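Below is one structure, written out as structure tokens; comments come after it.
These numbers come from a predicted model, not from an experiment. This chain uses plain numbering: 1 for the first residue, then up along the sequence.
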Amino acid sequence: MRKSERLPRGALDRETVVAAALEIADRDGLSGVTMARVAQALGGSPMSLYRHLSDKQELLDAVVDLALSESPRIADDGRPWRVRLEEFALASRLNALRHPALIEIHLENSVRGPGAAAVGLDIIGLLHQAGFDDASSIRGFMALRNYLLGAMAWEISRFRSGAEEFAHQVDDTFVHEDTPADSPLRRLGEVLTTDPEAQFMYGLRSLLDGFEAELRRIKRRARQEK
């Protein structure tokens, strides 16, 4: 919904409000999302929004749910658990690139919407199904969640101005006058900006390698206890 568009009187509904808020958040960042800004974008008054959402927190929860709805849930099709987690993580990355507000909201707010809860339950359920015990399934979910949030916060914040600007930032951070010419730090920008998805997958696969090692330990302990 663009600012220039005006809704007919009485046409405002919850879905329209949430979609407008997501658009503002993606474009202007989380600080741009206020009830007044959303109402202005829709050609209404802030009070009209409160007929559909009780407060800003409920609005942000709904924004997260809307953004998450564009990314497919973990497939329940019997394929190996690792294949399905990798597929989910890649889809989550693409969704975060479409909706950078999703990461910002997660980092700065407690998210209580059903969409976020469903993602957590899906991951925990898949790990439990694969053979992880209850505690390891929960820890695995949190480790994967933290990796996705951290990796995407890094990629989104650094690549918004393009690979060239990112390489410049890397050089400013790691490379100085006294950095040796043959130091690997001088290649950071070159390596990391060539293919950001490759960096994402490197971290993801390293994490899932650790998951597999933990699963082997769990199964080994289970055999020993029999």
Side-chain angles (χ1 to χ4, degrees), residues 64 67-68 70-100 102-159 166 170 173-174 183-226:
V64 170
L68 288 176
E70 296 184 16
S71 183
R73 300 274 292 271
I74 292 177
D76 184 15
D77 56 12
R79 287 179 297 158
W81 63 270
R82 177 164 180 160
V83 171
R84 286 184 278 164
L85 274 187
E86 284 193 11
E87 182 179 79
F88 166 77
L90 277 170
S92 296
R93 173 182 176 270
L94 292 177
N95 199 36
L97 292 175
R98 287 193 300 270
H99 296 299
L102 181 60
I103 301 301
E104 191 176 2
I105 293 171
H106 270 290
L107 291 175
E108 297 190 14
N109 295 268
S110 297
V111 178
R112 303 189 296 264
V119 169
L121 291 172
D122 282 353
I123 294 172
I124 292 170
L126 177 59
L127 293 175
H128 196 269
Q129 184 183 65
F132 291 85
D133 57 34
D134 291 345
S136 295
S137 297
I138 292 171
R139 292 185 185 279
F141 155 64
M142 190 55 62
L144 180 60
R145 174 189 181 276
N146 290 346
Y147 172 72
L148 293 178
L149 288 176
M152 292 316 303
W154 175 80
E155 184 173 344
I156 290 169
S157 65
R158 297 301 188 270
F159 279 84
F166 171 73
V170 169
T173 302
F174 293 101
S183 170
L185 293 176
R186 290 191 176 273
R187 295 198 61 218
L188 282 179
E190 171 196 342
V191 171
L192 296 178
T193 59
T194 301
D195 185 359
E197 183 178 303
Q199 178 62 32
F200 176 83
M201 290 305 299
Y202 183 90
L204 176 65
R205 286 169 178 157
S206 297
L207 177 64
L208 296 184
D209 285 348
F211 279 24
E212 288 195 327
E214 176 63 19
L215 183 56
R216 288 193 294 271
R217 285 191 290 269
I218 290 171
K219 291 181 175 180
R220 186 165 57 248
R221 286 197 301 267
R223 289 195 298 269
Q224 291 171 349
E225 290 171 359
K226 287 184 177 179

Taking side chain as C-beta onward, heavy atoms only, is Ile123 less than 4.5 Å from Val119? yes
Spatial distance of atom CD1 (Ile74) from atom OG (Ser92) [nearest 0.5 Å]: 8.0 Å
Got Glu155 and Leu97 here, is their nearest side-chain heavy-atom distance under 4.5 Å? yes
On a heavy-atom basis, which atom in Gly131 and which in Ile218 lie closest, and how many Å separate them? O-CG2, 3.7 Å
I'd like to know whether Glu87 forms a salt bridge (Lys or Arg N to Asp or Glu O under 4.0 Å) with Arg84, so could you lay out the CA-CA distance, the side-chain angles of the two residues, the decisive distance to 0.1 Å, and finally the verdict. CA-CA 5 Å; Glu87 182 179 79; Arg84 286 184 278 164; over 6 Å; no
Would you call the rings of Trp81 and Phe211 parallel, tilted or perpendicular, taking 30° and 60° as the class edges? parallel
My understanding is that only residues two or more places apart in sequence, or in another chain, count here; which of them pass side chain to side chain donor-acceptor pair (under 3.5 Å) with Arg139? none
Output for pair (Leu68 CG, Arg73 CZ), nearest 0.5 Å, gives 9.5 Å
Looking at CG of Asp133 and CZ of Arg221, how far apart are the two atoms once the value is rounded to the nearest 0.5 Å? 7.0 Å
Quick one: are Met201 and Leu90 in side-chain contact, heavy atoms under 4.5 Å? yes
Straight-line distance of Leu126 CG to Asp122 CG, nearest 0.5 Å: 8.5 Å
Find the distance between OH (Tyr202) and CG (Leu207) and round it off to the nearest 0.5 Å. 13.0 Å
Given side chains that start at C-beta, do those of Pro80 and Glu86 come closer than 4.5 Å, heavy atoms only? no
Mind listing the closest non-hydrogen atom pair of Ala153 and Leu107 along with its distance? CB-CD1, 3.7 Å
Taking all non-hydrogen atoms of both residues into account, name the closest pair between Ala116 and His106 and its distance. CB-CE1, 4.4 Å
From Leu94 CG over to His99 NE2, what is the distance, rounded to the nearest 0.5 angstrom? 11.5 Å
Between Arg82 and Asp209, is any pair of side-chain heavy atoms under 4.5 Å apart? yes
What are the two closest heavy atoms between Tyr147 and Gln199, and how far apart are they? OH-O, 3.9 Å
Looking only at heavy atoms, which two atoms of Ala96 and Ile156 are closest? And how far apart? O-CD1, 3.4 Å
Check step by step if side chain to side chain contact (heavy atoms under 4.5 Å, CB included) holds for Leu204 and Leu144. CA-CA 8 Å; Leu204 176 65; Leu144 180 60; 3.8 Å; yes
Locate the shortest heavy-atom distance separating Ser71 from Asn95; write the atom from each residue and the value. CB-ND2, 3.6 Å
Flag yes if more than 12 heavy atoms outside Arg187 fall under 6.0 Å of its CZ atom; otherwise flag no. no
Given side chains that start at C-beta, do those of Phe88 and Leu148 come closer than 4.5 Å, heavy atoms only? yes
